[in-house]
Amino acid sequence: MLDISTVMGDFMNQFKQPLVTIFVIFATAYVLSVLGCAPAGGTNSVPVTPTQATPVETIETAELQPIPVSDLRECTTGEFRNLVKWSQVLETANKAIDTLGGQSQWTKADSKISAVALVAIQKCDEDQYYHQLKPCKKTTVTIISPDKPTVRGYDAYTINRRCEKVNAYLMHFKMRPDPNAVQPEPPTVTPVQPIEPPVRPPVRPPVAPVQPIDHGNPPPVISDPGLDSGNQNSGLRECGNDEFTRLKSWRASLDQANRNIAKQGAPANWRYESVAVDAAATATKSCESLMTYHQTNSCQRRIVDEKTKTSQIKIYNRETLREQCQTARLYHYEFTQHSESLIVPNARLIFDTSALAGHTLAVGMIDGRIGEQCFVSNMSDRDVTYGHGQQALVTAARVYPPQNSDNGGLQMFVFETEHGIKVECYGVEYPGVKTSKSEVVRLLMQKGTQIQMRYELN
């Protein structure tokens, strides 16, 4: 992430002012959380009071000179992690100051911006002192250009230049603390081991297709797997009439959805079809409402088949309903249309990391790629190495279809994994103002970019 402000400058300038205002409000809490010293009081607690800083009219420091990177040693893991934190805090402070306009517009100090600036300048002073004594460089080898590594130097001169804006702001309002106090060395951080693929529970076998409902009789319901349908001593209470009326309505909507989906064949052949999408949405809403209700209100009902003159006890709990709803819910989440986030409340979005497997994504890396459209960066404070076949939870996923003013009209798909790996895909060419997860993946694959994602039902 180091120097990411230069790389992403044009992109960030497209954000609207309300987003910048919100950003400033929470900047103090963010920089403190990066440094690991956020107050327990939340965003309302401002640990630094600008008016308490000692005014410094001039800073008496020896004239600094840049050191050629060829003369620098390689930064240790602990040093580089500390530099990443410094860069994050400094970038946040700089963007907060930018909301005030140019220096000629700095007429009155803002308490929140001043608090962020004071935290940033303290980090600047610490790192400048340390790297005046122990300058170093970071060499990053990328999977795109392994023969052309990126080398960045970190000496006192470089750090001082990066901190100029924060320093100017604090000097302007006579709030600059004394920079000449000796600071301790950054703490040593134990290297983090590569991420091991998580152990996931086995996938349940597919549910057998249901039969069309006979409206002259109570609806057939698939029994809980392994349950003896003749067992009359399950210990569950009898479903009430109102409960069973809701269950019959649910059964009808689920049968309708399953019939429409079945016309498309196996899941690999599924496609967007408006009638099937609408039916699946109705069934999913009913399914998830009843799953929630019957999680704590399990019941049973004796179903009599008038044709065969036999009876069967059916169980209604969260698990039996979940299994019967699996096909309709999966189809619904695959093709639900979104104009913003692809994250949904009742399913987890999972990214197959095969496209990144076997490569170490270093802290601060910003120039990795998947195919020709997707750029990869490591937004975390640790190196990440995905194993082959590893699945990662997606914690944020956003589409930017045409006419989306939040991103200046660019057509993009951006997502981030639970490990802080961010992927930004450009030129997706959505056909409409809304899109689905399935369509995003399809459009990327049409251009040779292999992004595999799936929804995992809760």
Side-chain angles (χ1 to χ4, degrees), residues 197 200-213 219-226 250-288 290-291 318-338 342-344 346-355 357 371 388-394 397 399 413 415 428 430-432 434-458:
R200 299 199 176 272
V203 179
R204 289 182 174 274
V207 179
V210 298
Q211 298 300 318
I213 185 171
V221 181
I222 299 175
S223 301
D224 192 22
W250 156 75
R251 185 75 247 178
S253 67
L254 182 61
D255 286 343
Q256 181 66 36
N258 285 340
R259 281 194 292 269
N260 282 284
I261 297 169
K263 293 176 183 178
Q264 300 186 21
N269 299 323
W270 283 358
R271 62 189 182 280
Y272 180 91
E273 199 278 318
S274 59
V275 174
V277 167
D278 291 344
T282 301
T284 297
K285 182 178 180 180
S286 180
C287 282
E288 293 179 349
L290 287 174
M291 285 166 56
R318 178 181 175 85
E319 192 57 29
T320 58
L321 294 170
R322 180 183 183 278
E323 290 184 0
Q324 293 173 76
C325 291
Q326 182 174 358
T327 297
R329 292 178 68 209
L330 279 176
Y331 184 90
H332 168 69
Y333 288 122
E334 284 288 329
F335 295 101
T336 295
Q337 299 294 292
H338 304 270
L342 298 184
I343 303 299
V344 296
N346 292 307
R348 301 189 302 166
L349 186 56
I350 305 297
F351 169 54
D352 184 335
T353 67
S354 297
H388 290 280
Q390 182 172 349
Q391 309 292 297
L393 176 67
V394 176
V399 293
F413 172 50
F415 68 92
V428 188
Y430 303 108
K434 290 188 176 183
T435 190
S436 65
K437 189 280 291 183
S438 179
E439 186 171 56
V440 168
V441 171
R442 179 179 62 81
L443 292 173
L444 290 172
M445 292 187 69
Q446 283 181 350
K447 295 191 175 183
T449 301
Q450 302 293 322
I451 297 287
Q452 296 290 346
M453 287 183 164
R454 62 182 173 83
Y455 280 111
E456 187 175 89
L457 300 175
N458 293 342

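This chain uses plain numbering: 1 for the first residue, then up along the sequence. Hydrogens, waters and symmetry mates are skipped; everything else that's a heavy atom, side chains included, is used.
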Requested in this report: Quick one: closest heavy-atom pair of Val399 and His338, and the distance?
Outcome: CG2-O, 3.9 Å
Report task. For the pair Thr449 (side chain) and Met445 (backbone), establish whether a donor and an acceptor sit closer than 3.5 Å, ignoring hydrogens and angles. Result -> no
Query raised in the report: Please walk me through it: do Lys263 and Arg259 pass side-chain contact (heavy atoms from CB on, under 4.5 Å)?
Result: CA-CA 7 Å; Lys263 293 176 183 178; Arg259 281 194 292 269; 5.5 Å; no
Query raised in the report: Step by step, would you call Val440 with Tyr430 a side-chain contact (heavy atoms from CB on, under 4.5 Å)?
Result: CA-CA 8 Å; Val440 168; Tyr430 303 108; 3.9 Å; yes
Query - From CA spacing to verdict: side-chain contact (heavy atoms from CB on, under 4.5 Å), Leu330, Gln326 - result: CA-CA 6 Å; Leu330 279 176; Gln326 182 174 358; 4.0 Å; yes
Query raised in the report: So do Leu349 and Lys437 actually touch side chain to side chain, heavy atoms under 4.5 Å?
Result: yes
Query raised in the report: What is the distance from atom SG of Cys325 to atom CG of Leu290, rounded to the nearest 0.5 Å?
Result: 8.0 Å
Query raised in the report: Looking at Ile261 and Ala328, what are the two nearest heavy atoms and their distance?
Result: CD1-CA, 3.8 Å
Query raised in the report: At what distance, to the nearest 0.5 angstrom, does OG1 of Thr327 lie from CG of Leu254?
Result: 8.5 Å
Requested in this report: Test side-chain contact (heavy atoms from CB on, under 4.5 Å) on Phe351 and Leu393 and set out the steps.
Outcome: CA-CA 6 Å; Phe351 169 54; Leu393 176 67; over 6 Å; no
Query raised in the report: Sub-3.5 Å donor-acceptor pair from the side chain of Arg322 to the main-chain atoms of Asn458, do we have one?
Result: yes
Report task. List the atom of Ile451, the atom of Leu444, and the distance in Å for their closest heavy-atom pair. Result -> CG1-CD1, 3.8 Å
Query - Closest approach of Ser436 to Gln337 (non-hydrogen atoms, all atoms of both residues) - result: CB-NE2, 3.6 Å
Requested in this report: Answer yes or no: does atom NZ of Lys434 have more than 12 heavy-atom neighbours from other residues, nucleotides or ligands under 6.0 Å?
Outcome: no
Report summary line: Note: Phe413 and Val428 closest approach over all heavy atoms is N-CG2, 4.0 Å
Query raised in the report: Are any of the side-chain heavy atoms of Gln264 and Tyr331 separated by less than 4.5 Å?
Result: yes
Query - Shortest non-hydrogen contact from Ala283 toward Ala257 - result: CB-CB, 3.8 Å
Query raised in the report: Which of these passes side-chain contact (heavy atoms from CB on, under 4.5 Å) with Asp352: Arg454, Gln452, Gln390, Met453?
Result: Gln452
Query raised in the report: When rounded to the nearest 0.5 angstrom, what distance separates CZ in Arg348 from OH in Tyr455?
Result: 13.5 Å
Query raised in the report: Is the backbone of Thr320 close enough, under 3.5 Å, to the side chain of Gln324 for a donor and an acceptor to pair up by distance?
Result: yes
Query raised in the report: Which pairs with one or both residues in residues 270-288 pass side-chain hydrogen bond (donor to acceptor under 3.5 Å, both in side chains), sequence neighbours excluded?
Result: Glu288-Arg329, Glu288-Tyr333, Glu288-Asn346
Query raised in the report: Mind checking what makes side chain to side chain donor-acceptor pair (under 3.5 Å) contact with Ser253, not counting sequence neighbours?
Result: none
Report task. State, yes or no, whether a side-chain contact exists between Lys447 and Leu443 at a heavy-atom distance under 4.5 Å. Result -> no
